[in-house]
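All residue numbers in this chain count up from 1 along the given sequence. Ligands are counted one by one from 1 in listed order, and the atoms in each one are counted from 1 as well. Hydrogens, waters and symmetry mates are skipped; everything else that's a heavy atom, side chains included, is used.
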Amino acid sequence: MLRELVIGLDIGTTSVKAVIFNLKGKLIGEAEKLITFHYPQSGWVEQDPYEIERSAILAIKAVIEKADVKKNELLGIGVSCAMHSLICVDEGGGPLSNALIWADGRSSEQAEKLMQTEGINIYLKTGVPIHPMTPLAKLLWMKEVEYKPFYKAKYFMSVKEFLIHKWFNERVVDYSMAAGTGLFNSKTLQWNEGTLKLVQVDKEQLSRIVPPTEILRGINKNIAEEMGISSQLPFVLGAADGQLANLGIGAISPGEVAITIGTSGAIRQFIRGFEVSDKHETFCYRFTEEYSIIGGPTNNGGIVLNWIKGLLGPQDSYDELLLEAKKVKPGAEGILFLPYVNGERAPVWNQKAKGNFYGLSISHKKEHFVRAVIEGINFNIYQIGKSLEKLAGEPQKIYVNGGVSKSPVWIQIMADIFGKEIHVAKTHHSAAWGAAWTALLAIDKVGSFEEIKENLPMGKVIIPNEDNHKIY
Ligand code: ADP
């Protein structure tokens, strides 16, 4: 029987994943190709655009072969991509530089200076906190150090724009990828002229801004052949991975909050319109004309758990280590842990922030430290959530995903701190499913973004312990 299938292509930081779903969101197959990191100098983090393109082609090819998909079974491909990458590109679309990715910190001085001058005004218009992760700060660095590719560049593109240009010969960018640059006015949905002047970039050097449901057809024939798809298959531009992960987890209506804790973490929710915090705590990125996503990313998620595991229990499994926390009452008998061991983005946006254990006494054991770490990371996310609450009201429903959500102990502590039920998502492919769903919406196979809620595998619901919540 002929199946109806759709692919979510998720261009992440460590890998490109191609995931095939049926129309109900059931996983039919997945393939992943890793991307190499290059560190030309301390604090610089680059990737090769051609390698990312190769990974994307090979991931699509591999998943189509694995799931034995016939050309006429595939309805479309939706694209998700990590934000904030920047490539200097020549007239023909060839890269003059590597992709400087979000983790690249070379422009920290420029970001600091900007924060002391017009940073806040730019943030209020663009919704992007002033930070070296943004292409805005990276372009300021390029200009200041007279980076040769900057002066030679005909165009500037993100990784996603580079791929799309290469495959379709079109220079287009969706609202959310544009919003991640710091050059996009999230109120007018146009490039922000004032910021462009600051970095000496002309509007013509940037791509045409389109909604996430923009359809591209007519992919380069050789590439289509290599992928194993018809060259007329619709590609739907999609959005950035944060927006699509919220969509793919079902946190779409205002009031529905999604918390992701993988290596790093984030708390996000959709709102109507555009809202920023006057304290520069949260981001606000456009998704569609109607919706934006607000939230805050933290550098300190599972990476901190891994650090403490290495110190206290390298031989333990995650479950064994985290179960230690159950031996101790909420509050870890007086230990407070400030989790900024990795610098921090939200809520403090300070790369020089440091971690701290406070309140140590001679009676404290391994289990106290484990509990304090879980509590510290969750309280940090809770604090970012409080900033969101000021903009969007009290959360109605909280979803959680990411590697750490596999731990029942962790999620119970989170539920107790928030004092709310936590809905644990079953899928680890939220961004890919969000991208695939956007493709289905664009080609009129489904009626709305909201309908995705009927097509989600949901996991457990964790109920808060009221006594523990009072202590917290
Ligand atoms: P990424 O953010 O790289 O996509 P994941 O969402 O898969 O990664 O999360 C990976 C992190 O999840 C690991 O670094 C680890 O800290 C944490 N983790 C993995 N397995 C477990 C587990 N069983 N219980 C708790 N945490 C876990």
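Here's the thing with G302: one of its N/O atoms is less than 3.5 angstrom from an N/O atom of ligand 1. For a threshold of 3.5 Å applied to N or O pairs, the pair formed by G402 and ligand 1 contains no separation below that value.
With salt bridges taken as basic N to acidic carboxylate O contacts below 4.0 Å, one links E46 and R106.
Checked by atom type and distance alone, the side chain of E73 pairs as donor or acceptor with a backbone atom of R3 at under 3.5 Å.
Protein heavy atoms come within 4.0 Å of atom 23 (N) of ligand 1.
Taking the six-membered ring where the residue is Trp, W307 and F337 present parallel rings, their angle staying beneath 30° rather than reaching 60°.
Nearest-residue assignment for atom 14 (O) of ligand 1 (options N306, L321, V404; heavy-atom criterion): N306.
Closest to atom 1 (P) of ligand 1 among all protein heavy atoms lies T263 OG1, 3.5 Å. Of the protein's non-hydrogen atoms, the one nearest atom 6 (O) of ligand 1 is G403 N, 2.9 Å.
Ring centroids of Y472 and F379 are separated by less than 6.0 Å, placing the two rings close together. Note: Y291 and F449 fail the aromatic proximity criterion, with ring centroids not under 6.0 Å apart.
Contact atoms of ligand 1 toward L305: 16 (O), 26 (N) (distance under 4.0 Å to a heavy atom of the residue).
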